[in-house]
Amino acid sequence: MPLPQTAHIVIRNDVADLAALTTAMERMGAEHGMPERSLFQLQVAVDEIVSNVIKYAWPGADAHDIEIRITARHDGVEVEIIDDGRMFDPRDAPKRDKTLPGQRPRPGGVGVRMTKQLVDRIDYARMGDRNHTTLTKLCALGPAASGGGNEQDRT
Amino acid sequence: MSKTALRMEDSHAGPVCILSIGGRIDSGNAEDLLNRLNGFLSSGEKTILLDFREVLYLTSAAFRVLLVATDEAERNAARVVLCGLVGQVRELFEMGGLLEAFTVHGSREDALAAL
């Protein structure tokens, strides 16, 4: 299968729709032979970002679409999350306050902190009235799935 | 084993209330876990052991629930203790900086011996 290849799904701003995203990610992982550990880490990171969008991007309870583009490349997988909610650059998210000895951390910021460690790159752009958040996980995709064995590709 | 569902099963070992958790904890079902934990606390349980051995996947929604439940337990003179954190799930606790935030034992047997 020639790369890059993009799968595209649209979900509503409803946590029940996260299951559709899981299915799409797993299908991509299987089709391109993504290593299990890389897929796991990318899935958690995507879940964190999309869950944040669902919870905080819009003030009311109206239905909105969230568009997700999953692109398999030779050197990894890129997931772009597009929403028309309020501007939010996850790279700017405030660092969690340092936990004092004997104190438990507060929940806020844990998801973003984890996301930064789970993927190799987080890119963000505001285009028109939309947030484009892109997570990149570098990994070798399976040779069988990406047309390996074709020695001409090496030159 | 379903990767998309959250499974929970409770049992008792003496005074310890054990909740075996399996499958997936995310923002779509974390509330179910919190409700279960609050139920234990309101029925007077004082030691709640959460066994994560069969958890395959979780997000920070799970951490939020654990932090909220641990606070609530303290208000009830109770405690929430974790065990069975292994592999990639344990790594997520490490990345979130949360391994030190909770009382964590190795296996369920280790936990029960210590409690």
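Residue numbering restarts at 1 for every chain, and letters A, B, ... go by the order of the sequence lines.
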Co-membership, hydrophobic cluster, residues B:V16 and B:F102, 4.5 Å side-chain: no
Just checking, is any N or O donor in the side chain of B:S60 or A:R113 under 3.5 Å from an acceptor N or O on the other one? no
Using the rule that Ile, Leu, Val, Met, Phe, Trp and Tyr join whenever any side-chain heavy atoms are under 4.5 Å apart, tell me whether A:V53 and A:I82 fall into a single cluster. no
Do A:V46 and A:V112 sit in one hydrophobic cluster, given that two such residues count as connected whenever their side-chain heavy atoms are within less than 4.5 Å of each other, even indirectly? no
Counting only heavy atoms not in B:E9, do more than 12 fall under 6.0 Å of its CD? no
Answer with side chain, backbone, both or neither: which region of B:E31 has an atom nearer than 4.5 Å to a non-hydrogen atom of chain A? neither
Could you report the tightest heavy-atom contact between B:R24 and A:D47, atom names first, then the distance? NH2-OD2, 2.7 Å
Test of understanding: clusters of I, L, V, M, F, W, Y form through side-chain heavy atoms closer than 4.5 Å, transitively. Do A:V119 and A:Y124 belong to the same one? no
Could you grab the distance from atom CE of A:M114 to atom CG of B:L58, nearest 0.5 Å is fine? 7.0 Å
Does any heavy atom of chain A fall under 4.5 Å from the side chain of B:E100, the backbone, both, or neither of them? neither
Begin from the C-alpha positions of B:Q88 and A:E36 and carry the test side-chain contact (heavy atoms from CB on, under 4.5 Å) through to its verdict. CA-CA 11 Å; B:Q88 293 177 337; A:E36 194 266 337; 3.5 Å; yes
Interatomic distance, B:T59 atom OG1 to A:L118 atom CG [nearest 0.5 angstrom]: 11.0 Å
What part of B:L92 gets within 4.5 angstrom of chain A, counting heavy atoms only: side chain, backbone, both, or neither? both
When you compare the side chain of B:M95 with that of A:K116, does any pair of heavy atoms fall below 4.5 Å? no
Indicate yes or no for a side-chain donor-acceptor contact from B:Y57 to the backbone of A:F40 under 3.5 Å, with no hydrogens or angles considered. no
Within 6.0 angstrom of A:R126 CZ, more than 12 heavy atoms from elsewhere: yes
Establish whether B:V81 and B:M8 are linked, either directly or via other cluster members, by ILVMFWY side-chain heavy-atom contacts under 4.5 Å. no
Below 4.5 Å, heavy atoms only, C-beta onward: do A:R37 and B:E91 meet side chain to side chain? yes
Atom CZ of B:R53 with >12 non-hydrogen neighbours under 6.0 angstrom: no
List the atom of A:V15, the atom of B:S27, and the distance in Å for their closest heavy-atom pair. CG1-OG, 3.7 Å
